[in-house]
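Step one of this worksheet: look at the structure below.
Side-chain atoms are counted along with the backbone in the values below, which use heavy atoms only and exclude waters and symmetry mates. Sequential numbering from 1 along the given sequence is applied to the chain's residues.
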Amino acid sequence: MTYVDTFLHTEQENGVDARYSRQVLFSPIGSEGQRKLNNSRVAIVGMGALGTVLANHMVRAGVGYVRLIDRDFVEPSNLQRQMLYDEEDAAAMTPKAVAAAKRLQLVNSLVTIEPHVTDLNATNAEGLLGDVDLILDGTDNFSVRFLINDVSIKLGIPWIYGGAVASRGVSLTILPGQTPCLRCLFTQAPAAGTTETCDTAGVIGGIIHVVASFQATEAMKLLIGATEQLNTRMQQWDLWFNQHSAIQVTGARKADCPACASKQYDYLEAHLDSDTIQSLCGRNSVQIHPVLPAAKPLEYWEERLKPLGPVERNRFLLKFQPAANLTMIIFPDGRVLIQGTDDLIQAKSLYSRYIGM
């Protein structure tokens, strides 16, 4: 029997599955660290480019419970960088959380994977994020990140910020009460349209993997308790122009920070009326998420709308085209995504006309 055979046999006896053998051989993790990973719970917010890489790492590493949260569905333009999806997912308009969970469950059946096709907002954030050990940021907008930050500070749950656009990326590990929080560093979210997005500036796949792999490694350190090895700097990369910087931010905690100092959770306690309609920057789309959505199944909307225009339905969403250049996507949770306009008034008018305010 070879050394590796003996090792694998021993590890199985110790309650560590053989699939993690090479990870356990890495001495900073070892058998005890692997067991801690197996008993850990992680939530990933956003299952786009960063989220798919993060989820892939977490599931393959053996994190015992992984919750996937995403409001969107797979489109052909996602396939260049969102590694868990394929052409069939795009053709079927499969929700990203569902498609990712299905693919990842084939990778590791020992992990509990819980997909949520929903928009993370002030009404559900504590429920979706409050029972995990770590929150991973795979989102693409600062409003949601500030919401995650509020939950993190309020409930004492660490989170790892990450972002990528064009060839640039950034990441920071945030520990409530120990490190600066996001609002210590950025007082408020940038105004809509003032920052680049993947839809306006593009993105290359390499930077996604750099940022998400950094986040995933920091996540593993946190989950096994190797906090002395955590990176305390904000990491920034530009792969195309060969730049990398690491900014020390440990002294940047603000005594007057609204979130971590004053315990003022502006994004978690946002007025719901103002959060129900949102223009999705760079996508020529508007999302409407009513506070009290009509409790109607997709079959109901199919029957109601098919006399008015082309309708396609699967078990996750319904696609309705009221005009050649407009598409309304209706989700079971009551959300409606209106594609073909970024005008909030026009979107609200369409919603009122076909769904009812």
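Side-chain contact between V249 and T179 is absent, with no heavy atoms from C-beta onward closer than 4.5 Å. Between Y354 and V336 there is no side-chain heavy-atom pair separated by less than 4.5 Å. With a 4.5 Å cut-off on side-chain heavy atoms, E269 and D150 do not count as touching. A 4.5 Å side-chain heavy-atom check between I207 and R168 finds every atom pair outside the cut-off. Using a 4.5 Å cut-off on side-chain heavy atoms (C-beta onward), L305 and L308 make contact. For the pair H289/T123, no side-chain contact is recorded, criterion being any heavy-atom separation below 4.5 Å from C-beta on. Side chains of Q178 and T227 form no contact here, defined as non-hydrogen atoms less than 4.5 Å apart. Side-chain atoms of R183 and Y267, non-hydrogen and from C-beta on, do get closer than 4.5 Å to each other.
Considering every non-hydrogen atom in both I157 and S152, the closest pair reads O-OG, 2.5 Å. Minimum heavy-atom separation, M47 to Y85: O-OH, 2.6 Å. Between W237 and Q235, the closest heavy-atom pair is CH2-CB, 3.3 Å. I355 and R304 make their closest contact through O-NH2, 3.7 Å (heavy atoms, listed as atom of the first residue, atom of the second, distance). Scanning all heavy atoms of the two residues, the minimum distance from L175 to P158 falls at CD2-CB, 3.7 Å. Across all non-hydrogen atoms, the minimal contact from S171 to F214 is OG-CD2, 3.4 Å.
For the atom pair CD of Q34 and CG of D17, the computed distance is 9.0 Å after rounding to the nearest 0.5 Å. One finds the CG atom of L147 at 6.0 Å from the CG atom of L268 (value rounded to the nearest 0.5 Å). Going from atom SG of C257 over to atom CD1 of I153 covers 7.0 Å, rounded to the nearest 0.5 Å. If you take CG on D137 and CD1 on I174, they are separated by 8.5 Å, rounding to the nearest 0.5 Å. Taken to the nearest 0.5 Å, the CE atom of M234 stands 10.5 Å off from the OG1 atom of T173. Within the model, atoms CE of M93 and CG of N314 stand 7.5 Å from one another, a figure rounded to the nearest 0.5 Å.
With N124 contributing its side chain and D119 its backbone, the two residues share a donor-acceptor pair below 3.5 Å. In this structure a side-chain-to-backbone donor-acceptor pair under 3.5 Å is present from R253 to G177. Checked by atom type and distance alone, the side chain of N38 never pairs as donor or acceptor with a backbone atom of G64 at under 3.5 Å. Side-chain N or O atoms of E302 include none that pairs as donor or acceptor with a backbone N or O of V311 at under 3.5 Å. With hydrogens and angles ignored, the 3.5 Å screen pairs a side-chain donor or acceptor of T52 with a backbone N or O of A49. Without hydrogens or angle criteria, Q80 side chain to V203 main chain gives a donor-acceptor distance under 3.5 Å. A donor-acceptor contact shorter than 3.5 Å is absent between the side chain of E114 and the backbone of A101. A donor-acceptor distance shorter than 3.5 angstrom exists from the side chain of R67 to the backbone of L128, with no hydrogens or angles considered. A donor-acceptor pair is defined here as one N or O able to donate and one able to accept, closer than 3.5 Å; such a pair exists between the side chain of Q215 and the backbone of I160.
A donor-acceptor pair shorter than 3.5 Å can be found between the side chains of Q236 and S245. Between N141 and T139, the side chains place no donor N or O within less than 3.5 Å of an acceptor N or O (distance only, hydrogens not considered). Side-chain N/O atoms of E75 and S77 include no donor and acceptor closer than 3.5 Å. Checked by atom type, the side-chain pair N108/Y20 shows a donor-acceptor distance below 3.5 Å. Judged by distance alone, the side chains of N56 and R60 do bring a donor and an acceptor atom under 3.5 Å apart.
In Q248, the CD atom is crowded: over 12 heavy atoms of neighbouring residues, nucleotides or ligands sit closer than 6.0 Å. Taking a 6.0 Å sphere around CD of E87, one finds it holds 12 or fewer heavy atoms contributed by other residues, nucleotides or ligands.
A salt bridge is defined here as a Lys NZ or Arg NE, NH1 or NH2 lying under 4.0 Å from an Asp or Glu carboxylate O, and D89 with K102 fails to meet this definition. Between R71 and D333, no side-chain nitrogen of the basic residue sits less than 4.0 Å from a carboxylate oxygen of the acidic one, so the salt-bridge criterion is not met.
Classified by interplanar angle (parallel below 30°, tilted 30° to 60°, perpendicular above 60°), the ring pair F142/Y161 is tilted.
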Q.
As a quick check of understanding, evaluate side chain to side chain contact (heavy atoms under 4.5 Å, CB included) for I148 and V45, giving each step before the final call.
A. CA-CA 9 Å; I148 294 171; V45 183; 3.9 Å; yes
**Q.** Test log, rule side chain to side chain contact (heavy atoms under 4.5 Å, CB included), inputs L37 and I224
**A.** CA-CA 6 Å; L37 290 175; I224 71 170; 3.8 Å; yes
Q: In sequence, state the C-alpha distance, the side-chain angles, and the governing distance for Q287 and D72, and then conclude on side chain to side chain contact (heavy atoms under 4.5 Å, CB included).
A: CA-CA 10 Å; Q287 177 181 262; D72 219 340; over 6 Å; no
Q: Begin from the C-alpha positions of L129 and I69 and carry the test side chain to side chain contact (heavy atoms under 4.5 Å, CB included) through to its verdict.
A: CA-CA 10 Å; L129 305 179; I69 305 166; 3.8 Å; yes
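Residues V107 and Y65 are members of separate hydrophobic clusters, defined by side-chain heavy-atom contacts under 4.5 angstrom among Ile, Leu, Val, Met, Phe, Trp and Tyr. Both F241 and I204 sit in one connected hydrophobic cluster of ILVMFWY residues. Membership requires side-chain heavy atoms under 4.5 Å apart, directly or through other members.
With Q346 as reference, L326 is the one residue of I338, V286, L326 to meet the side-chain contact (heavy atoms from CB on, under 4.5 Å) rule. For the side-chain contact (heavy atoms from CB on, under 4.5 Å) test with W159, the passing option among V151, L222, L182 is L182; the others fail.
Ring pair F316/F73: centre-to-centre distance not below 6.0 Å.
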